[in-house]
Amino acid sequence: MWGVIKMVKNKMLYDIIIIGGGPAGIISAVTARKYYPKRKILLIKNIEKGVIPCGIPYMFTTLKKPEDNKLGNTPLKENNIKLRIDEVIEINKQKRKVITKNKDEFKYKKLILAMGSQPIVLPIEGINKKGVYTIYKEMNYLKKLKNKIKKSKNIVIVGGGFIGVEFADELSKLKNVNVSIIELLPKVLFNSFDKEFSELATQELIKKEVKIYTNLKIEKINGKEKVVSVSLSDGKTISADMVILGIGAKPNISLAKNAGLKISKGGISVNKYLRTSDKNIFAVGDCSEKTDFFTREKISVMLASTATTEARIAGCNLFEKFARKNMGTIASYSTKIKDLTLGSTGMTEKTAVERGFKIIVGNAESFDKHPKNMPNTSKIKVKLIFSRPGIILGGQVAGGESAGEVINIISTAIQKKFSLSELEDLQIATHPKLTSAPTNYPIINAAQNALQKLK
Ligand SMILES: Cc1cc2nc3c(=O)[nH]c(=O)nc-3n(C[C@H](O)[C@H](O)[C@H](O)COP(=O)(O)OP(=O)(O)OC[C@H]3O[C@@H](n4cnc5c(N)ncnc54)[C@H](O)[C@@H]3O)c2cc1C
């Protein structure tokens, strides 16, 4: 009898439990396996059929079928990580156990919270009408959304951040569909880019016949049961048979809050090792608060790239005495609208000035192959922002597909706090078919442009 009870209890005891099966949860589990090969690891997630979140906008036309954007369980299987499809409804931090909806209990030595975020729903009149959608990261929901999109003629996207812009780019490929974006700020992508880069995005969307309404709020969704139009803050009404909300997300914190963990405005509070207020519990990804790399202020950033960086740090730190520090986020991000690739990392000129930095800006434009008559050559534009003594704070890139990796060179330079002259002396590989010319490399030229202004 005792033997049986003990056996059942042992079965439910894990060294490491991870709650959440998004990018942060999966990478936490896989990293924990690398650092702790002999530990028993369990991942609990409440969505059986997940999707790759960053691929969601492309499930509607670019990918052949929604299932092509499935988030599979292969990394868990390959790394001997047990998986439960269930929802954790309680964390008992004194007894170090989690309780699930199916009434199972699992004890842990270390727990990682990777519960992610939920889309924000605007509290406006008509929000519950048929035809109004938010973006949930769930396969069946998105398959239904795809079917509804096919039957729509006038789609209004609320929010001109990266989700709204990527949806607009994708949906404007559909025949006989009018797509509009409503944005509260003066330009689309205005939180991550300075105005000249936002303007490039605007022009690209206009070429695709997307209508853009900026400096405007959506005030009301009209229609009897189903949406027929939306009213804007300037009194305009736009026809709509579908409204997609892409106005941001809020962290999933209720489980942590009910467990008595410290919560801040941006999510579950964590220290530089990504530990919560309980030493055996870590939090990563969209559900946890974010610290700015430069100022150490708490900021709101929800990116899969940030989530997975944190997951790699927490996954390593679980049982480590000399733990790795999270240096804070620089919010590196890239996107593509039609043929235009845009990348942003660190501070924009606008945010640097707002935060009181004295700055120098360097700009450069060249081509991403050489000579410029090489096939598939695109123009590339780089902007670098430096603090007054000349340390890099941020960068933005616009161009063809190569811009997607050029921004990552700038991200690396920011993390290593490169100076103007270190960027000028950058050692790079160049090739006519692959890169800009060594004599005309845009990052180096932008650094030289800033250096001249400093002198
Ligand atoms: C349309 C769209 C496009 C995006 N594009 C990009 C991009 O190009 N680049 C980029 O960097 N970022 C992008 N993002 C942001 C990115 O998706 C998020 O930052 C990322 O998903 C965060 O990962 P996460 O694991 O922290 O959270 P999530 O992906 O939200 O995953 C959390 C998981 O935990 C589960 N869960 C929550 N509570 C429980 C519980 N109690 N029990 C069990 N399971 C639970 C949830 O159901 C969910 O599956 C995009 C987001 C969207 C919506």
Side-chain angles (χ1 to χ4, degrees), residues 17-29 42-60 69 71 73 83-91 98-102 104 106 111-120 133-139 141-142 145 157 159 161-170 192 244-259 267-268 274 283-288 290 300-311 314 329-336 341-345 404 407-408 411:
I17 294 182
I18 295 125
I19 309 175
I26 293 173
I27 297 304
S28 295
L42 170 71
L43 186 143
I44 308 173
K45 62 173 188 173
N46 60 2
I47 291 179
E48 187 166 9
K49 290 189 178 165
V51 293
I52 298 166
C54 311
I56 294 173
Y58 308 106
M59 291 169 75
F60 305 104
N69 193 42
L71 185 63
N73 297 322
L83 171 66
R84 275 280 173 135
I85 309 296
D86 202 346
E87 183 165 325
V88 176
I89 53 166
E90 192 188 326
I91 300 166
V98 300
I99 302 164
T100 71
K101 217 174 183 173
N102 291 341
D104 280 323
F106 301 95
L111 178 67
I112 301 185
L113 307 179
M115 283 106 54
S117 58
Q118 290 291 317
I120 293 173
Y133 295 88
T134 47
I135 308 303
Y136 290 105
K137 302 166 196 149
E138 212 253 316
M139 182 63 78
Y141 176 86
L142 292 164
L145 179 60
I157 297 166
F162 68 83
I163 294 177
V165 162
E166 288 174 6
F167 264 81
D169 177 43
E170 180 80 354
S192 330
I244 298 176
L245 302 177
I247 49 166
K250 56 179 183 197
N252 286 330
I253 51 156
S254 55
L255 195 61
K257 196 175 173 189
N258 295 341
I268 303 165
L274 298 173
V284 293
D286 283 6
C287 67
S288 68
K290 300 284 165 273
S300 171
V301 172
M302 290 195 188
L303 289 171
S305 48
T306 304
T308 49
T309 298
E310 291 177 350
T329 179
I330 56 170
S332 301
Y333 177 71
S334 53
T335 190
K336 193 170 180 213
T341 302
L342 288 163
S344 166
T345 179
I407 196 66
N408 289 335
S411 302

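Read the numbers this way: they start at 1 and go in the same order the structure lists the ligands and their atoms. None of these values were measured; they are calculated from a predicted model. Nothing fancy with the numbering, it's 1 onward along the sequence.
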Under a 4.5 Å cut-off applied to non-hydrogen side-chain atoms, are Tyr136 and Pro119 in contact? yes
Close N or O approach (Val88, ligand 1; < 3.5 Å): yes
Name the closest protein heavy atom to atom 49 (O) of ligand 1, giving the residue it belongs to and the distance to 0.1 Å. Ile47 CD1, 4.0 Å
Should Ala114 be listed as contacting ligand 1, given a heavy-atom distance under 4.0 Å as the test? yes
Distance under 4.0 Å to a non-hydrogen atom of Ile44: what atoms of ligand 1 satisfy this? 43 (C), 44 (N)
Does an N or O anywhere in Ser305 fall below 3.5 Å from an N or O of ligand 1? yes
Calculate, to the nearest 0.5 Å, the distance between atoms CD1 and CD1 belonging to Ile17 and Ile44 respectively. 5.0 Å
Of the side chain and backbone of Asn46, name the one, both, or neither that has a heavy atom under 4.0 Å from an atom of ligand 1. both
Contacting atoms of ligand 1, where contact means under 4.0 angstrom from a heavy atom of Gly116: 26 (O), 27 (O), 28 (P), 30 (O), 32 (C)
Can you name the closest pair of heavy atoms from Val301 and Lys290 and give their distance? O-CG, 3.5 Å
Over all atoms of both residues, closest heavy-atom pair of Ala24 and Gly285: CB-CA, 3.9 Å
Using side chain to side chain contact (heavy atoms under 4.5 Å, CB included), reason through Asp169 and Thr335 one step at a time and then give a plain yes or no. CA-CA 11 Å; Asp169 177 43; Thr335 190; over 6 Å; no
If we number the atoms of ligand 1 from 1 as shown, the ones under 4.0 Å from a heavy atom of Met302 are 15 (C), 19 (O)
Considering heavy atoms of the protein only, find what lies nearest to atom 12 (N) of ligand 1 and give residue, atom and distance to 0.1 Å. Ala304 N, 3.1 Å
Close approach, Asp86 and ligand 1, non-hydrogen under 4.0 angstrom: yes
Could you identify the single nearest non-hydrogen protein atom to atom 28 (P) of ligand 1 and state the distance to 0.1 Å? Lys137 NZ, 3.6 Å
Quick check for you: to the nearest 0.5 Å, what is the distance between Thr329 atom OG1 and Glu310 atom CD? 7.5 Å
Counting only heavy atoms, tell me which of Pro119, Pro23, Gly21 gets closest to atom 29 (O) of ligand 1. Pro23
Which of the atoms of ligand 1 are close to Glu87, meaning less than 4.0 Å from one of its heavy atoms? 40 (C), 41 (N), 42 (N)
For Phe162, is at least one N or O under 3.5 Å away from an N or O on ligand 1? no
Scanning both residues in full, the closest heavy-atom pair of Gly246 with Ile163 reads CA-CG2, 4.4 Å
Quick check: Lys45 and ligand 1, any N/O pair under 3.5 Å apart? no
Which of the atoms of ligand 1 are close to Leu255, meaning less than 4.0 Å from one of its heavy atoms? 41 (N)
What atoms in ligand 1 come closer than 4.0 Å to a heavy atom of Gly285? 26 (O)
Kindly compute the distance separating CG (Asn69) from CE (Met139), expressed to the nearest 0.5 Å. 6.0 Å
I need the contact type for Ile89 against ligand 1. Using non-hydrogen atoms and a strict under-4.0 Å cut-off, is it side chain, backbone, both or neither? neither
protein heavy-atom neighbour closest to atom 34 (O) of ligand 1 works out as Gly20 CA, 3.2 Å
Ile244 CD1 to Leu145 CG distance, which is reported to the nearest 0.5 Å: 5.5 Å
For atom 38 (N) of ligand 1, what is the nearest protein heavy atom, given as residue, atom name and distance? Met115 CG, 3.4 Å
My understanding is that we take every heavy atom of each candidate and find the minimum distance to atom 13 (C) of ligand 1. Doing that for Ala249, Cys54, Ala307, which one comes out nearest? Cys54
How far is atom 26 (O) of ligand 1 from its nearest protein heavy atom, and which residue and atom is that? Asp286 N, 2.9 Å
Closest heavy-atom pair and its distance - Ile157, Gly164: CG2-CA, 3.6 Å
Any nitrogen or oxygen of Pro57 lying under 3.5 Å from a nitrogen or oxygen in ligand 1? Just yes or no. no
Roughly how far apart are Ile253 CD1 and Ser117 OG, rounded to 0.5 Å? 12.0 Å
Determine the minimum heavy-atom distance between Ala29 and Leu43, stating which atoms define it. CB-CD1, 4.1 Å
Atom 25 (O) of ligand 1 [closest protein heavy-atom partner, distance rounded to 0.1 Å]: Ala24 N, 2.9 Å
Where ligand 1 meets Ile19 - atom numbers and elements under 4.0 angstrom, heavy-atom basis: 40 (C), 42 (N), 43 (C)
Do Ile47 and Tyr141 touch side chain to side chain, with heavy atoms closer than 4.5 Å? no
Which pair of heavy atoms, one from Asn252 and one from Met115, lies closest together, and at what distance? ND2-O, 2.6 Å
Value for CD1 (Ile89) from OG1 (Thr100), rounded to nearest 0.5 Å, stands at 6.5 Å
Closer than 4.0 Å to some heavy atom of Ser117 - which atoms of ligand 1 meet that? 30 (O)
Among all protein heavy atoms, pick the one closest to atom 31 (O) of ligand 1 and tell me residue, atom and distance. Gly22 CA, 3.5 Å
Do Ser411 and Ser332 have side-chain atoms, one donor and one acceptor, less than 3.5 Å apart? yes
